[in-house]
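Following: one structure in C-alpha cells, then a few remarks.
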Amino acid sequence: MVRVIPTLTLETLLIQSSGGPVCGVDEAGRGPWAGPVSAAAVILNPDDLPAGIDDSKALTEKRRAALEPEIKARALAWGVGFASVDEIAELNILHATGLAMCRAIEALTVQPVAALVDGNYRFKLPCDVQTVVGGDGLSLSIAAASILAKTARDRLMVEMDARYPGYGFASHKGYNAPIHQQALQTLGPCPEHRRGWAPIKALLEA
C-alpha cells in the first residue's frame with residue numbers, strides 16, 4: 001500500500017476561500033511525562049518548497065534536523081510557541097496545547113487569515129481554523145509545522161537533560177521509558193515533571 005505524500009492541495013483550496021495567507025499548525029509533546037508542549041505554525045512559499053517535507057513521525061531525527069533550517073529559511077513565515085508544565089497543570093493539556101498554538105501563530109511575521117490544524121479539535125486561535133484529521137500526512141504546511149514543533153521541543157529537552165541529569169531526557173524527550181521510570185523511582189520528580197500525570201501522581205502519593 002502506497003502512503004500518501006503531503007501536498008499543498010488543502011492550502012490552495014483554503015487560500016481561495018479565505019482570500020489570504022494560510023498557515024499549517026501542529027503540536028509536539030502532548031503525551032510525555034515531563035517538559036512543555038510545543039506548537040509551530042508555518043506559511044510555506046509554494047514557489048520555494050524544501051524537498052522531503054513529511055509528517056515528522058515519518059522522518060528520522062537526522063532528516064528532521066536537516067529540514068528545520070530549510071523550512072525556516074524558505075517559508076514565508078514561521079513561528080514556534082510553548083506552554084509550560086505549570087500552564088499544563090493550570091489549563092489541562094488540551095487548552096495548554098491551544099495556548100502554544102496561539103503563541104506560534106502570534107510569532108508569525110505574516111499573519112494568516114486561516115489555519116489548517118492537525119486533528120479534529122477546533123482550537124480558538126487568532127484566525128479561522130480548519131481541522132484536518134491526519135493533517136501532518138496530508139498538508140505540507142502542517143507537516144512542516146510538525147517538524148518545527150518536534151525539533152524545537154527535542155532541543156529543549158536536551159537542554160533540560162543538562163539541568164536535571166539522571167532522567168534521560170536527552171534520549172526519551174520526557175516520554176515513558178524504562179530509564180525514565182527507574183529515575184523517577186530513584187530521584188523522584190523534578191520541577192519539569194507533569195505532576196498531574198497518573199504515574200507521577202502515584203509516585204508523589206506513595
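Keep in mind it's a predicted model, so treat the numbers as computed, not measured.
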Is any side-chain heavy atom of I43 closer than 4.5 Å to one of C23? yes
Are any of the side-chain nitrogens in R74 or E70 under 4.0 Å away from the carboxylate oxygens of its partner? yes
Check whether any side-chain heavy atom of C190 sits under 4.5 Å from a side-chain heavy atom of R163, and report yes or no. no
Report yes if the side chains of P126 and E106 come closer than 4.5 Å at any heavy-atom pair, otherwise no. yes
Applying side-chain contact (heavy atoms from CB on, under 4.5 Å) to I147 and V42, what does each step give before you reach the verdict? CA-CA 10 Å; I147 293 167; V42 179; over 6 Å; no
Would you say L8 and V117 are hydrophobically clustered, going by side-chain heavy atoms of ILVMFWY under 4.5 Å? no
E27 and D118, any side-chain heavy atoms less than 4.5 Å apart: no
Sorted by chain and number, sequence neighbours left out, salt bridge (charged side-chain N to carboxylate O under 4.0 Å, His left out) with D128 holds for none
Roughly how far, to the nearest 0.5 Å, is CD of E192 from CG of L156? 7.5 Å
Taking atom CD of E61 as the centre, does the number of heavy atoms from other residues, nucleotides or ligands within less than 6.0 Å exceed 12? no
Distance (rounded to the nearest 0.5 Å) between I179 CD1 and L184 CG: 11.0 Å
Using the test side chain to side chain donor-acceptor pair (under 3.5 Å), find all partners of E11 that sit at least two apart in sequence or belong to another chain. S139, S141
Using modelled atom types and a 3.5 Å cut-off, is there a donor and acceptor pairing between side-chain atoms of T186 and backbone atoms of A183? no
Hydrophobic cluster membership, with links at side-chain heavy-atom distances under 4.5 Å among I/L/V/M/F/W/Y: are V129 and V110 in one? yes
In this structure, CG of L44 is separated from CH2 of W78 (nearest 0.5 Å) by 13.5 Å
Between H180 and F169, is the ring centre distance below 6.0 Å? yes
Pair I93, R194 - check side-chain contact (heavy atoms from CB on, under 4.5 Å), show working. CA-CA 10 Å; I93 186 60; R194 300 179 184 178; 3.9 Å; yes
Are V22 and L49 linked, directly or through other ILVMFWY residues, by side chains that come within less than 4.5 angstrom of each other? no
Within one Ile-Leu-Val-Met-Phe-Trp-Tyr cluster: L187 and I200, side-chain cutoff 4.5 Å: yes
Considering only heavy atoms from C-beta outward, does the side chain of K150 approach that of L59 to under 4.5 Å? no
Measure the NE2-NZ distance between H95 and K124 for me, rounded to the nearest 0.5 Å. 10.5 Å
For A96 versus A83, what's the shortest heavy-atom pair and its separation? O-CB, 3.3 Å
Would you call I105 and P112 a side-chain contact if the rule is heavy atoms closer than 4.5 Å? yes
Answer yes or no: is there a side-chain heavy-atom contact under 4.5 Å between P189 and W33? no
Report the distance from atom OG of S56 to atom CZ of R153, rounding to the nearest 0.5 Å. 12.0 Å
Side chains of Y121 and T97 in contact at under 4.5 Å (non-hydrogen atoms): no
ILVMFWY network linking V37 to Y167, side-chain heavy atoms under 4.5 angstrom: yes
Mind checking what makes side-chain contact (heavy atoms from CB on, under 4.5 Å) contact with L138, not counting sequence neighbours? V4, L10, V132
salt_bridge(K72, E68) N-O dist < 4.0 Å: yes
Value rounded to 0.5 Å, distance of CG in D54 from CG in L67: 9.5 Å
